[in-house]
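FYI, the numbering just counts along the sequence from 1. Keep in mind that this is a model prediction, so the values were computed, not measured.
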Amino acid sequence: MKNIQLFACLSLITLSAISCRNQTTSYNILDYGAKGDGKTLNTGAINKAVEKCNYKGGGTVVIPPGTFVTGTIVLRSNVNLHLDPGAVLSGSKDTSDYMVMNNTLFSEGYNRYGMIYAMDAVNISITGSGEINGNGTCFMNGLDRPHMGGNDFDRKFIRQGDDFMKPGSIFEDGPVSYQFRPGLMVTLEGCENIHITDVLLKDAPEWTIRIGDCDNVDVSGISILNNQLIPNNDGIHVTTSRNVRISDCYISAGDDAIIVTGFGNSPRPDDLIAKTRMPLTTGNKTGIAENVTVINCVLSSRSACVRVGYGEHPIRNLVFSNLVMYESNRGIGVFARDKSRIENVLFSNIIINNRLHSGHWWGKGEPIHISSVMDSKNATPGIINNISFTDIIANSETGILIYGTENSIIENIFLKNIKLNIKNGKNSESYGGNFDLRPAWPSEIQIFKHGIPGLFAQYVKHLTISEIELNWGSGLASFFTNAIEINHSSNILLEDISANPAPVSKGLPAIMLREDTNAVLQNCKTDDGSLLLTKEKVK
């Protein structure tokens, strides 16, 4: 009996200790002086709560209902930043409220962090059903002032010539210009064991989430709703990270929606200081972007819904499945530009609805784009190998593009069960009939005039195209050509293809093989009596 009483007493003491510990692991920012009035700057109060939570061994920092204006919040190890229903973290509209980056070599406009920043942290989370709002639109010069970008195209190579994006024009699809804005809204560098769930992120002034050199990341159930007129407000940027899972998200962004790159460990991919940090002690220490899965997401973008590529580090072992893409300028893009080796990437069960957009956006409406080209005079393009596309339905205003070069041959590309519908669009005459390979060098391959087949491929070794159905819409422009055109390629298998040349080019064959391309055809046909196949030299 005494033993039972002793056990009961010990149990009560234990439960009391657990209850006490649970109470102390929650840190409400109101207790540290925060005010949710939409006016008070709460950066200091929120960071005090985070620091206390971290110092005490970790727990949850609670953002209660209200609108809390803030600059940069530094997220620390073992801290869950939790936004209650009705809670809004509102980014300050004063750029001086954001933390200055540690390195002073950044160019003007990219020397401050955004709203949430963590480096070398472990076991961190951003959760809850509240909202993180970057107020990005307020940093723009105006929604009627276009951003023209750098000198990344030459009109003399473009079908529309001097009529292409005339200076002084206003483009309804953006992008709009800006002078200064805060940095990436959420930046996590060299971190591990990360969870981002359920939150709503809105109106990012630049990239929304950057996951750089991180390991073991789970992003699920979040929504990103950005102003699609703003340039570079990408959705989720996975940069040289590994073991990343993105699922059940809705992302609408002005630039790419989900990206996997191999950039070095620096906050900006285009700076000159990629080697300034010490070797990583946490996060992804391999220097390889790998083991990334993206499933069950709905994506919309002024650029690509999914982009793979850029950066010097290898990129491998990626899966993208069960995705819906709509109103995008590109559906899927795989780009080798910076010595990186991109391999073992699977795309499956995807619906793509994209169109040509006006304004200075990269891409010309391709549902699938794969390219390996130089992006500067002394650059070495990377390697693309073993990429698979299966079970794709695409409604587009241009065709599929696979563009290798003599110095960078793309290898082992597999397309199966692709249904492609090509239709006319309101921007077809003013933007269509061109290939867009930007960033690219020399200038004649940045944007340049080219006939548009349903699928174009060049400098590819081991290309399988199986079970492709191509349908052409009515009223198409005269620059649409063959169903398939393949140049300078070898070991090509074309099987179970039902396709015709574009109605405006009935004299052309459905399949055009040029420049010593060798291919095996099995069960390929046209249904309108067009010539099936021609092999010829390029004139």
Side-chain angles (χ1 to χ4, degrees), residues 210-214 234 236-244 246 255-265 269-270 274 284 286-294 303-321 323 330-348 350 362-363 366-376 379-390 392 400-415 436-441 445 456-464 489 491:
R210 179 182 189 267
I211 299 166
D213 302 289
C214 295
D234 305 47
I236 302 174
H237 228 284
V238 180
T239 307
T240 317
S241 294
R242 67 195 301 264
N243 302 325
V244 179
I246 300 172
D255 223 302
D256 304 314
I258 294 178
I259 310 97
V260 179
T261 68
F263 286 123
N265 59 345
D270 51 0
N284 179 18
T286 68
I288 300 172
E290 62 180 348
N291 308 341
V292 179
T293 62
V294 178
S303 195
C305 282
V306 169
R307 191 188 91 202
V308 176
Y310 303 166
E312 65 273 23
H313 294 298
I315 301 170
R316 67 189 186 193
N317 304 340
L318 318 177
V319 173
F320 299 86
S321 184
L323 306 178
R330 279 185 178 133
I332 299 166
V334 180
F335 306 90
R337 298 291 187 274
D338 310 297
K339 298 183 181 180
S340 173
R341 184 180 182 91
I342 303 170
E343 61 184 345
N344 304 338
V345 185
L346 305 180
F347 296 93
S348 65
I350 298 173
W362 287 353
E366 313 94 285
I368 296 172
H369 175 117
I370 306 171
S371 63
S372 181
V373 301
M374 297 170 63
D375 64 355
S376 61
T380 301
I383 295 170
I384 296 176
N385 178 54
N386 200 22
I387 315 294
S388 173
F389 300 85
T390 58
I392 311 289
I400 295 170
L401 179 61
I402 305 173
Y403 197 99
T405 59
E406 187 174 6
N407 296 322
S408 184
I409 295 173
I410 297 169
E411 296 192 41
N412 299 311
I413 305 298
F414 182 79
L415 299 99
D436 187 347
L437 302 178
R438 293 174 297 172
W441 186 91
I445 68 165
F456 177 88
Q458 73 167 33
Y459 289 105
V460 183
K461 183 178 180 180
H462 297 298
L463 169 64
T464 298
S489 298
N491 301 105

Apply side-chain contact (heavy atoms from CB on, under 4.5 Å) to residues Phe320 and Val345 and explain how you reach the verdict. CA-CA 8 Å; Phe320 299 86; Val345 185; 4.0 Å; yes

Separation between [atom1] of [X] and [atom2] of [Y], rounded to the nearest 0.5 Å:
| X | Y | atom1 | atom2 | answer |
| --- | --- | --- | --- | --- |
| Asn491 | His462 | CG | NE2 | 4.5 Å |
| Ile409 | Lys461 | CD1 | NZ | 7.5 Å |
| Asp436 | Glu366 | CG | CD | 6.5 Å |
| Glu290 | Ser241 | CD | OG | 10.5 Å |
| Asn284 | Ile211 | CG | CD1 | 12.0 Å |
| Gln458 | Leu401 | CD | CG | 8.5 Å |

Cut-off 3.5 Å, no hydrogens considered: what does the side-chain donor-acceptor table look like for residues 381-390, sequence neighbours left out?
from   : atom 1 : to     : atom 2 : distance (Å)
Asn385 : OD1    : Asn412 : ND2    : 2.6
Asn386 : ND2    : Asn344 : OD1    : 2.8

Flag for Arg337-Ser371: side-chain donor and acceptor within less than 3.5 Å: yes

Hey, are Ser340 and Asp338 close enough side-chain-wise for a donor-acceptor pair under 3.5 Å? no

Evaluate the ring-ring contact (aromatic ring centres under 6.0 Å, His included) criterion for residues His369 and Phe335: first the C-alpha distance (whole Å), next the side-chain angles of each, then the deciding distance (0.1 Å), finally the verdict. CA-CA 8 Å; His369 175 117; Phe335 306 90; 4.9 Å; yes

Please say which of Val334, Leu463, Ile368 ends up in a side chain to side chain contact (heavy atoms under 4.5 Å, CB included) with Ile413. Leu463

Donor-acceptor contact below 3.5 Å, side chain Ser489 vs main chain Val460: yes

Under a 3.5 Å distance rule, please check whether Ser408 uses its side chain to pair with a backbone N or O of Val373 as donor and acceptor. no

Minimal heavy-atom distance between Leu437 and Ala440, with the atoms involved, is O-CB, 3.5 Å

Minimal non-hydrogen separation, Thr239 against Phe263, with atom names: CG2-CB, 3.6 Å

Using the rule given for side-chain contact (heavy atoms from CB on, under 4.5 Å), can you reason through Leu318 versus Ile342, listing the C-alpha separation, both sets of side-chain angles and the distance that settles it, and then say yes or no? CA-CA 10 Å; Leu318 318 177; Ile342 303 170; 5.7 Å; no

Does Ser303 have any side chain to side chain contact (heavy atoms under 4.5 Å, CB included) partners at least two apart in sequence or in another chain, and if so, which? Asp255, Asp256, Ser301

Do Ile246 and Val238 make a side-chain contact, defined as non-hydrogen atoms from C-beta onward lying under 4.5 Å apart? yes

Mutual orientation of the aromatic rings belonging to Trp362 and Tyr310 [parallel < 30°, tilted 30-60°, perpendicular > 60°]: perpendicular

Answer yes when Glu343 and Arg316 have at least one side-chain N-carboxylate O distance shorter than 4.0 Å, and no when they do not. no

Under the side-chain contact (heavy atoms from CB on, under 4.5 Å) rule, what do Ile258 and Val292 come out as? Steps first, then yes or no, please. CA-CA 11 Å; Ile258 294 178; Val292 179; over 6 Å; no

Could you walk me through whether Thr261 and Arg307 pass the side-chain contact (heavy atoms from CB on, under 4.5 Å) check? CA-CA 8 Å; Thr261 68; Arg307 191 188 91 202; 3.2 Å; yes

